[in-house]
Amino acid sequence: MAATESRAPRAESTCSIARTLEVLGERWTFLILREALSGVTRFADFRHALGVAPDVLSDRLATLVTAGVLEKQPYREPGSRVRFSYHVTPAGEELRLVLGALQQWGDEHRPLETGPTVVRRAADDERPVSVAFVDDTGAVVPLDRVKFLKTATYPT
């Protein structure tokens, strides 16, 4: 998304996937979010971890802040000007599930010969976890038993 384009969802976007992609659909966004969820907060640290161009990083961070995924906070190191750090909001934290699903798919369908570089584990006992659809009773629903029902008309 060019820096001059609006970051707000378009009113005519009735599809929630399309509205989500307006925030998350750029090449670097999920990688920036991955780093933020791992504790990276400073611009220079994002650049170092990802090797992303500064203008691209600035634009993606601004998009994530505007969308409420990250929160911008000022800080100042002694003898330096005010800079900003970026912190994951509750809405951003919920995207951990989306990143987990992308990682799970990649591990299954695009695996490295050496195995995964990151594994998903429960924080309390480190048991393996996976991303799944869960119904209102808490039961896991197999993928072939999940369907998406339209409740509104949207462009295809």
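FYI, the numbering just counts along the sequence from 1. Predicted model, so just to flag it, every value in this text is computed and none were measured.
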Within this structure, what is the CG-OG distance for the pair Asp45 and Ser38, rounded to the nearest 0.5 Å? 12.5 Å

From Val69, Leu95, Val40, Leu37, residue fulfilling side-chain contact (heavy atoms from CB on, under 4.5 Å) relative to Val88: Leu37

State the OG-CZ distance between Ser58 and Arg47, to the nearest 0.5 angstrom. 9.0 Å

May I ask you to say whether Arg96 pairs ionically with Glu93, meaning some side-chain N is under 4.0 Å from a carboxylate O? yes

Got a donor-acceptor contact below 3.5 angstrom from the Thr66 side chain to the Ala62 backbone? yes

Arg60 with Asp55: basic N within carboxylate O range, under 4.0 Å: no

What's the spacing between Glu26 CD and Ile32 CD1 if we round to 0.5 Å? 10.0 Å

Looking at Phe133, does the NZ or CZ of Arg145 lie under 6.0 angstrom from its six-membered ring centre and within 45 degrees of the ring axis? no

Residue pair Phe30 / Leu102, side-chain heavy-atom distance below 4.5 Å: yes

Testing the basics here: between Ala91 and Gly68, what is the closest heavy-atom pair and its distance to 0.1 Å? CB-O, 3.6 Å

Are Val23 and Val98 in one and the same hydrophobic cluster, where Ile, Leu, Val, Met, Phe, Trp and Tyr link if side-chain heavy atoms are under 4.5 Å apart? yes

Does Tyr86 have Lys72 sitting over its ring (NZ/CZ under 6.0 Å from centre, angle to axis within 45°)? no

Does the distance from a Lys or Arg side-chain N to an Asp or Glu carboxylate O, for Glu35 and Arg42, drop under 4.0 Å? no

Pairing donors with acceptors under 3.5 angstrom, does anything connect the side chains of His87 and Thr89? no

For Val131 and Ala101 the tightest heavy-atom approach is CG2-N, 3.6 Å

Under a 4.5 Å cut-off applied to non-hydrogen side-chain atoms, are Thr29 and Thr63 in contact? no

dist Asp107:CG -> Arg120:CZ (nearest 0.5 Å) comes out at 5.5 Å

Which heavy atom of Val129 sits nearest a heavy atom of Ala122, and at what distance? CG1-N, 3.7 Å

Could you tell me the separation between the CG atom of Leu50 and the CH2 atom of Trp28, rounded to the nearest 0.5 Å? 6.0 Å

Examine distances only and state if a side-chain atom of Arg19 and a backbone atom of Thr14 form a donor-acceptor pair shorter than 3.5 Å. yes

Scanning both residues in full, the closest heavy-atom pair of Pro116 with Val119 reads CG-CG1, 4.1 Å

How far apart are the C-alpha atoms of Val118 and Gln103, what are their side-chain angles, what is the distance that settles it, and do they pass the side-chain contact (heavy atoms from CB on, under 4.5 Å) test? CA-CA 9 Å; Val118 174; Gln103 180 197 27; 3.3 Å; yes

Is a side-chain N or O of Ser80 found less than 3.5 angstrom from the main chain of Arg76, in a donor-acceptor match? no

Heavy-atom side-chain proximity of Pro54 to Phe43 below 4.5 angstrom: yes

Interatomic distance, Tyr75 atom OH to Arg83 atom CZ [nearest 0.5 angstrom]: 6.0 Å

Co-membership, hydrophobic cluster, residues Phe148 and Leu143, 4.5 Å side-chain: yes

